[in-house]
Structure formats: C-alpha cells, structure tokens
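The structure appears below as structure tokens.
One is the number of the first residue; the rest follow in order along the sequence. Because the structure is a prediction, the values reported are computed rather than measured.
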Amino acid sequence: MKRKIILTVCALAAFPIAELCAQRYQGVIDKTVAQIGNSAILLSEVEGEAAYLMYNGYATDRDLRCEVLENMMITKLFYTQAQLDSLTVNPDMVEAALDQRVNDIVTRVGGEDNVEKYLGKPLYKLREEWREQFMEQNLASEMQRTVAGKAGEATPKEVERFYRKASKDSLPMIPAQYRYSQIVLYPNVERANLAVRERLLEFRQRILDGEKFSLLATLYSEDVQSAMRGGELGMASKAVFWPEFSDAAMTLKPGQVSPIVETPDGFHLIQLIERKGDMFNARHILLRPRYTDQDRDSAFLRLDSIRNVVLADSITFEQAARKFSEDPATRTNGGLVADLQSGAPQIAVDNLKPAEYAVLRGMKEGEISVPIVSTDNEGRNGNTVYKILKLEKVIPAHIPTYNEDFNVLQSMATNRKAMDAVEAFIKEEQATTYIVIDPLFQKCVFQRDGWVK
C-alpha cells in the first residue's frame, strides 16, 4: 500500500533524535550560537538538524554541525532581506508542510498521546513552533528564488562564453537519446476490473463465513510488504494513505470488513484493527487488474493490421497514429513521444520504459516494431497497454556541443548565472549584516569566508 509520506526539514523529526541531541554538549544549557542581524540560531536547533541528518544516513566530509550552522545562517540572510522587501508567505505551502510534518511525527511515535512523551511538548505547542519555522523557510526560499530570477536567462553570447571557458571534462556526458513514435491500444479495462472485483467479493464472503482476513492477505494480497504481516499496515495517520482508503477505513468498526475500495494502487478489502482519533491500524488485501491472453491477442492482431497497412505505404505512421492510437497524449502529435519532464521530442535512454528500450535498441531508424506489451504514464505503476513503435532517430551519447546542444548549454549557463547571483548576494549580506558566532563554533571551517569577523 502506498503511503504518501514525504519528510520535510530538520529539527525534532523523530523521537530517537532527542536522545542524540542531548549527547553532544552535556551540561550546556540551550543557548544562542549565532546572531544574524535580529535573528538568533539556538544550539538546540543546530543539534536537532544535525541529529535528523545523521538519523537519515546523511554523509559529509565536513563537520556536520558546522555545515548545518552555515546553512542556517544563509537562510537567516535571505529571511532578513525578504522581510525588508515585504515578501509574503504562501500560507497554503506553510500549512501543507506543517500538516505533513505533524502527520509524520504522529505516525512515527504511535499517536498524539505519545508526542509529548517523546518530544517534551504538547502537539499544539509544537505546531506553533513549526509553523514559525516553515514561515521563515518559505520567505527565505522565496527571496532566494527572487535573487536567482533576477539573473535572467543566459543570452546566446553568454552561452558561447560559458561553453568556451568550460573544460570539456566539466561538461556532463549527454546519454544516448531516442526519438520515436507510437500507436497505442488499451485492453478491455472493464472486463479486467470486473474480474478483480469478483475475486475480492469471493474473499469478502469467505472472511464473513469465518476465514481469517490475515491468512487471505498473506496468500493473495499484491502489497508484498504488508502481506508478510497478514496485510497489517501499522498505526498511522489517515493523511498518509490515499483519501479513498482512509475514508473507507475510518468508517469501520474494529474487526469490520469494508466493501471493495478502489484507489490508484488498485482494489482493496480493508479490515479495521484499531482507531485512535485521526489514526488507525488496518489490514488490507490489494489486487490489481490483470489482462488475459485474449486481450493481448486481440490488440496484437489489430496492431499487426495497422503495421502492415503502413508498411504497404497505404498510410503514413503519423496518419495511422492520428486515426487509430488510443493514447490522447501522443495521438494529436502523430504518435511522437515526448520526454515527461522536459517535453523534448527525444528521450534519454535512462528515461525509457524497459519494455520499449528492449525493442528500440535493436531497431534501425525508420523501422517499425512488432506489437509489444508496455505501460502508459498513469498511476503509480502504469496501466498495461499494447503498442507498435517507429524509431525516428538515435542520438548517440556525447559531450554537448554549442551547435547541437544549445538548449542544454543554455540551461547550464543560466543555472550558473543564478548560482553566481545567489553567492554574490550572500557575500554582500555578510559584509553588511551584524554577525556574531559563539566560540563553540568559531573554529568551524565554513564553505564561505566572511562569517567570522
């Protein structure tokens, strides 16, 4: 079962951190370790962030606490300027980050009742403190984006200058890229969904007749991790699951089994184990639609017919894609596939679907493949689809050149301009801002000069 947890920033993110924080400077009462203008950074904040990074496996060749302190001081510089420039906080982003933090903490420690036990403060107080942190970080990030944005996009002359100055070893190798088109047919989704529903209805009746939910989950659930625990998911906030799943689980009584629930992961049966406030522990059985040989054979036969018509020059591949393909994203482009991230009409080999790369790598330019089974771009795992592919062009792996890869070089040059603008801002603010660092950290070797005055 997919949980939508994404951990955000630093201090006090999990209960083992509190113990780690207490071990660094035994006997030292929390104190201000850096003053940046009117903003103070506390020892507990540095320790909390460092402990969080260690707890999550972060590695660095620098002193971790010195690195953390420097990053916090940079944030303070941007935050101070954001206030002077009257930038405003995005309240939706702050509240979303806050809710995400709270949900994760509550899930980690096993409920709201345990929050104060592990973190030393009631949840409402922590929410107030975290909200302030997120507001500050939001403003600092907005200020940094403003500074970087003022640098603007690199002009052709700047791109050329960047390219001529860059050593060839410093330029990234551009992986092999494929430009190709496709004609897509979908299987009989309704029939596959119906088959899954009938199977789950059978399971539900067997459970109501006395069979153990946990045994059926172990034997049949396609959520491998929870299946090993009899389908049990563990106590967690309702916000970490798909809304459809949480809504169904929260309406159940302990031991009760839900009707069939559909989420982007597939179809579920849910049995509630325990509910506490906005948290619950449940078992589930997950099944995903499976398609038959008949579905595949029918689609392959039709794709073969389309391929033969194209090969006979009765119609172009582009025309056939517009007429027959069932994929709305590529049909209007004559079947041309674009990179999902950049929108470019060629796709790096690492971004190709495995089933499609297995076919494309053995094709010649202009060749049309036999029908294959692949996936679309919907859902977490994609839905099964059937395709024929036409290889338009292969661009071998190469070091970028000015004429052939101007867009790549322009993006690199623009990023460099933005980074230079940010570094110039930091240097200027260091020179004009009141900065005092506690002796505990004055021996730090910071990445940037100008902190210790």
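Contact of the E423 side chain with the R448 side chain is registered, since non-hydrogen atoms from C-beta on lie closer than 4.5 Å. Counting heavy atoms from C-beta on, the side chains of E95 and L98 come closer than 4.5 Å. Within the 4.5 Å cutoff, side-chain heavy atoms of D327 are placed close to those of Y186. R288 places a side-chain heavy atom less than 4.5 Å from the side chain of R290. A 4.5 Å side-chain heavy-atom check between V106 and L123 finds at least one atom pair inside the cut-off. Using a 4.5 Å heavy-atom cutoff, the side chains of Y180 and V359 are not in contact. Between I395 and R179, every side-chain heavy-atom pair lies at or beyond the 4.5 Å cut-off. Annotation: side chain of Y386 is not in contact with side chain of P371 (no heavy-atom distance under 4.5 Å).
Rounding to the nearest 0.5 angstrom, the gap separating the CG atom in D223 from the CG atom in L287 is 11.0 Å. Atoms OG and CZ, on S221 and F213 in that order, are 8.0 Å from each other to the nearest 0.5 Å. From D438, atom CG reaches atom CD1 of I41 across 11.5 Å, with rounding to the nearest 0.5 Å.
With no hydrogens or angles considered, a side-chain donor-acceptor pair links T292 and D295 at under 3.5 Å. In the model, E128 has no side-chain atom that pairs as donor or acceptor with a side-chain atom of Y124 under 3.5 Å. A donor-acceptor pair shorter than 3.5 Å cannot be found between the side chains of E356 and Y178.
Between the side chain of S411 and the backbone N or O of N407, no donor-acceptor pair lies under 3.5 Å. Side-chain atoms of R204 come within 3.5 Å of backbone atoms of V257 as a donor-acceptor pair (strictly under, hydrogens ignored). Checking side-chain atoms of E70 against main-chain N and O of Q447 turns up a donor-acceptor pair under 3.5 Å. Side-chain N or O atoms of S374 include none that pairs as donor or acceptor with a backbone N or O of V385 at under 3.5 Å. Listed for the N103 side chain is no donor-acceptor partner under 3.5 Å among the backbone atoms of S237. The backbone N or O of F441 sits nowhere less than 3.5 Å from a side-chain atom of R65 that would complete a donor-acceptor pair. Side chain of R302 to backbone of S298: no donor-acceptor contact under 3.5 angstrom is found. Between the side chain of Q225 and the backbone N or O of A227 there is no donor-acceptor pair closer than 3.5 Å. Checking side-chain atoms of T60 against main-chain N and O of R62 turns up a donor-acceptor pair under 3.5 Å. The backbone N or O of N90 lies less than 3.5 Å from a partner atom in the side chain of N138, making a donor-acceptor pair.
Other residues, nucleotides and ligands contribute at most 12 non-hydrogen atoms within 6.0 Å of the CD atom of E428.
A pairwise comparison of heavy atoms in L269 and S258 identifies CD2-O, 3.6 Å as the closest pair.
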